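Heads up, the thing below is written out as structure tokens.
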Amino acid sequence: MEKLWGGRFEGVSEDWIDAFGASIPFDQKLASDDITGSLAHVKMLSKTGIVSEQDAATIISGLETLQAKLQKGELSFTIQNEDIHLNIEKLLHDEIGAVAGKLHTARSRNDQVATDMHLYLKRAVKDILKALKDLKLVLIQKAEEHVETIMPGYTHLQHAQPISFAHHLLAYYNMFSRDALRFEENLVRIDFSPLGAAALAGTTFPIDRQYSAELLGLKQVYENSLDAVSDRDYIIEFLSHSSILMMHLSRFCEELILWTSHEFQFILLTDAFSTGSSIMPQKKNPDMAELIRGKTGRVYGHLFSLLTVMKGLPLAYNKDFQEDKEGMFDTVETVSKCLAIFTGMIDTMKVNQQTMQKATEKDFSNATELADYLAKKGVPFREAHEIVGKLVLTCTKNGIFLQDIPLQDLREVSPLIEADIYDCLASKTAVKRRTSFGGTGFDPVFQAIQNAKKQESLFQHKS
Ligand code: ARG
């Protein structure tokens with residue numbers, strides 16, 4: 001088959017070599033954006049008088065026909081036409097004849113592919129932001145239900161101090177809020193038009209880059225033509241933000257997996273998000289959470305892959321850039337699916353409030369309460385720490401907990417201890433009283449929920 005760039009070539013091509021260079025198997029995802037980019041370009045060519053109005057009208061109607069056919073699944077692409085740009089150009093030629101050839105005036109596939117990627121990623125990031133918002137709303141709702149649900153707070157995965165389950169959920173809310181801010185920031189740099197940079201150096205035609213950018217709904221125009229066709233920073237940023245988001249999802253999944261285990265039994269995932277075993281009839285596995293944790297690896301991989309592809313590339317376009325696509329597409333798909341699954345899983349999980357609270361009752365996570373109690377009565381905290389440490393040691397030897405020690409014995413250790421100590425040692429009291437800013441006390445947690453709701457404009461529709 002004759003190549004669109006075949007003029008300079010004499011030899012015949014070989015299919016297996018062509019196939020190696022082709023990107024159509026994956027860049028057909030850009031078909032719609034490619035047509036959109038071409039429509040903006042030809043309208044600009046017409047406005048500036050580079051192409052006659054009549055020719056432009058023919059090209060526009062041809063492109064619109066292709067867009068309609070694409071939506072109906074009626075376009076088919078061939079590997080002989082290498083990539084999505086040449087495929088669309090060929091299809092346009094089939095549609096309207098030789099005038100199709102005028103579309104590529106003052107343009108190169110280098111600015112064309114960059115334009116397509118900007119358009120694609122802008123839409124994808126906006127969708128991811130919507131999905132993140134859904135997740136944040138579910139977390140706020142769950143937090144509201146669980147302000148007074150007490151659970152063990154951990155450090156080193158050892159019981160540390162009791163906390164409100166809502167506080168735990170809101171910690172993730174804050175992480176996902178930062179993720180959203182990062183993607184918003186990413187959008188600022190995605191919102192640039194490379195169109196009109198042509199191959200690398202701009203063009204001798206009197207093009208209007210602002211106009212085509214405006215038609216594409218892209219806010220700004222790359223100032224430097226070399227940068228315009230060579231920049232993949234915004235994709236690397238996207239992969240990096242996605243990696244951080246996946247890391248957050250993965251940490252939360254790890255906790256869900258622990259919490260569903262027999263040892264914890266803090267939560268129950270609904271059947272829809274669990275799977276059974278082919279041999280062990282009793283099994284209910286948290287597969288979806290595990291899979292999200294697992295898929296984090298591939299997203300990290302895509303980030304490193306593109307960073308590595310880019311690190312040695314001289315300006316401007318190099319074919320290596322073609323390797324920017326699959327990782328980006330896969331990341332968009334992975335992140336979108338993981339967010340949807342994860343949100344559903346959190347939304348439908350059942351929380352075993354009693355089991356959670358119970359786990360804070362027969363442990364030493366109230367040791368700090370006793371130390372604080374003494375410190376408030378004037379004992380230097382270090383000394384109080386030592387006293388309580390010794391009490392804990394004695395308790396472990398006798399198989400009891402701090403709250404099981406009779407008042408008399410406690411007063412022997414320190415006469416400052418009075419009967420009100422037992423209320424202080426109760427985990428619910430311990431949580432409730434942590435009212436410092438950002439702490440797990442019921443009041444600051446309630447306040448944090450109000451702030452989160454304000455942040456998500458949840459009060460706006462109330463009149
Ligand atoms: N398929 C190519 C890519 O994805 C399009 C740009 C080709 N440009 C070129 N000069 N060969 O990067």
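Residue numbers run from 1 in the order of the sequence given. Being a predicted model, the structure only gives us computed values, none of them experimental. The figures here come from the full heavy-atom set of this structure, side chains too, leaving out hydrogens, waters and symmetry mates.
In this structure the side chain of Glu326 never reaches within 4.5 angstrom of the side chain of Asp27, judged on heavy atoms. Side-chain contact between Gln141 and Leu137 is absent, with no heavy-atom pair separated by less than 4.5 Å. A 4.5 Å side-chain heavy-atom check between Asn318 and Pro314 finds at least one atom pair inside the cut-off. Using a 4.5 Å heavy-atom cutoff, the side chains of Ile163 and Thr360 are not in contact. A 4.5 Å side-chain heavy-atom check between Asn352 and Ile267 finds every atom pair outside the cut-off. Contact annotation: the side chain of Ile207 approaches that of Met44 to within less than 4.5 Å [non-hydrogen atoms, C-beta and beyond]. The shortest distance between side-chain heavy atoms of Asn285 and Thr260 does not fall below 4.5 Å. By the 4.5 Å heavy-atom criterion applied to side chains, Pro206 and Ile50 are counted as neighbours.
Using the six-membered ring where Trp is involved, Phe266 and Phe264 have ring planes that are perpendicular, over 60° apart on the 30 and 60° scheme. The aromatic rings of Phe252 and Trp259 lie perpendicular to each other, with more than 60° between the two planes, well past the 30° mark.
Aromatic rings from Phe329 and Phe26 are positioned such that their centres are separated by 6.0 Å or more. Taking the six-membered ring wherever Trp is involved, the centroid distance between the rings of Tyr317 and Phe321 falls below 6.0 Å. His118 has its ring centre less than 6.0 Å from the ring centre of Tyr234.
For residues 121-155, the pairs satisfying ring pair (Phe, Tyr, Trp, His ring centres under 6.0 Å) are His146-Phe165, Tyr154-His159, with sequence neighbours left out.
Under 4.0 Å is where a charged nitrogen must lie from a carboxylate oxygen, and between Asp233 and Arg189 no such pair does. The pair Asp324-Arg232 meets the salt-bridge criterion, since a charged nitrogen lies less than 4.0 angstrom from a carboxylate oxygen. The residues Asp347 and Lys142 are annotated as not salt-bridged, no charged nitrogen and carboxylate oxygen being separated by less than 4.0 angstrom. Lys130 and Asp134 are not joined by a salt bridge, as no carboxylate oxygen comes within less than 4.0 angstrom of a charged side-chain nitrogen.
Side-chain atoms of Ser164 never come within 3.5 Å of backbone atoms of Thr440 as a donor-acceptor pair (strictly under, hydrogens ignored). Counting only distance, with no hydrogens or angles, the side chain of Gln322 and the backbone of Gly21 share a donor-acceptor pair below 3.5 Å. Between the side chain of Glu254 and the main chain of Ser250, no donor-acceptor pair closer than 3.5 Å is present. No donor-acceptor distance shorter than 3.5 angstrom exists from the side chain of Asp111 to the backbone of Leu195, with no hydrogens or angles considered. Judged purely by atom type and a 3.5 angstrom limit, Ser457 has no side-chain atom pairing as donor or acceptor with the backbone of Lys453. A donor-acceptor pair is defined here as one N or O able to donate and one able to accept, closer than 3.5 Å; such a pair exists between the side chain of Arg209 and the backbone of Tyr222. One N or O on the side chain of Thr343 and one on the backbone of Leu339 form a donor-acceptor pair closer than 3.5 Å. At distances below 3.5 Å, at least one donor-acceptor pair connects side-chain atoms of Lys133 with backbone N or O atoms of Glu456.
Remark: Leu291 CG to Thr296 OG1 distance equals 9.5 Å, nearest 0.5 Å. In this structure, CG on Asp116 lies 14.0 Å from NZ on Lys29, to the nearest 0.5 angstrom. Taken from NE2 in His93 to CG in Asn81, the straight-line distance is 11.5 Å, to the nearest 0.5 Å. Expressed to the nearest 0.5 Å, how far CD1 of Ile292 lies from SG of Cys253 amounts to 4.0 Å. Rounding to the nearest 0.5 Å places NZ of Lys428 at 8.0 Å from OG1 of Thr149. Atom-to-atom distance recorded for Ser243:OG and Arg298:CZ is 12.5 Å, nearest 0.5 angstrom.
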Audit row: Glu82, Arg109, salt bridge (Lys or Arg N to Asp or Glu O under 4.0 Å) steps and yes/no: CA-CA 12 Å; Glu82 194 178 321; Arg109 275 187 294 159; 3.1 Å; yes

CA sep, side-chain torsions, deciding dist, call: Asp94, Lys90, salt bridge (Lys or Arg N to Asp or Glu O under 4.0 Å): CA-CA 6 Å; Asp94 295 346; Lys90 181 72 174 53; 3.3 Å; yes

Verdict with supporting geometry, Arg107 and Ser38, side chain to side chain donor-acceptor pair (under 3.5 Å): CA-CA 10 Å; Arg107 181 178 80 167; Ser38 289; 2.9 Å; yes

Step-by-step side-chain contact (heavy atoms from CB on, under 4.5 Å) determination, Thr78 to Ile24: CA-CA 7 Å; Thr78 66; Ile24 191 64; over 6 Å; no

Chi angles and distances behind the salt bridge (Lys or Arg N to Asp or Glu O under 4.0 Å) call for Arg251, Glu255: CA-CA 6 Å; Arg251 291 184 74 178; Glu255 297 197 308; over 6 Å; no

CA sep, side-chain torsions, deciding dist, call: Glu148, Lys432, salt bridge (Lys or Arg N to Asp or Glu O under 4.0 Å): CA-CA 8 Å; Glu148 298 200 14; Lys432 195 175 168 191; over 6 Å; no

Leu315/Val229 under side-chain contact (heavy atoms from CB on, under 4.5 Å): CA gap, chis, key distance, verdict: CA-CA 9 Å; Leu315 294 180; Val229 292; over 6 Å; no

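Here the shortest heavy-atom pairing between Gly62 and Ile96 reads CA-CG2, 3.8 Å. Of all non-hydrogen atoms in Ala56 and Ser46, the two that sit nearest each other are CB-CB, 3.4 Å. Between Ala198 and Ser108 the shortest heavy-atom distance is C-CB, 3.4 Å. Across Ser230 and Met310, no two heavy atoms sit closer than the pair O-CE, 3.7 Å.
Looking at Asp18 and Gln80, their side chains never bring a donor and an acceptor atom within 3.5 Å of each other. Using a 3.5 Å distance cut-off with no hydrogens or angles, the side chains of Ser23 and Asp83 do not pair a donor with an acceptor. With hydrogens and angles left out, the side-chain atoms of Ser240 and Arg182 include no donor and acceptor closer than 3.5 Å. Residues Gln71 and Gln67 have side chains that bring a donor and an acceptor to within less than 3.5 angstrom of each other.
Within a 6.0 Å radius of CD in Glu10, no more than 12 heavy atoms belonging to other residues, nucleotides or ligands are found. Within a 6.0 Å radius of NZ in Lys284, other residues, nucleotides and ligands contribute more than 12 heavy atoms. In the displayed structure, Gln54 atom CD is contacted under 6.0 Å by at most 12 heavy atoms of other residues, nucleotides or ligands. The number of heavy-atom neighbours closer than 6.0 Å to CZ of Phe273, taken from other residues, nucleotides and ligands shown, is above 12. Within a 6.0 Å radius of NZ in Lys350, no more than 12 heavy atoms belonging to other residues, nucleotides or ligands are found. Under a cut-off of 6.0 angstrom, the local environment of CD in Glu323 is sparse, with at most 12 non-hydrogen atoms contributed by other residues, nucleotides or ligands.
With Tyr211 as the aromatic partner, Lys47 meets the cation-pi criteria of under 6.0 angstrom to the ring centre and within 45 degrees of the ring axis.
Among the candidates Lys126, His241, Arg178, the single residue satisfying the side chain to side chain contact (heavy atoms under 4.5 Å, CB included) test with Phe183 is His241.
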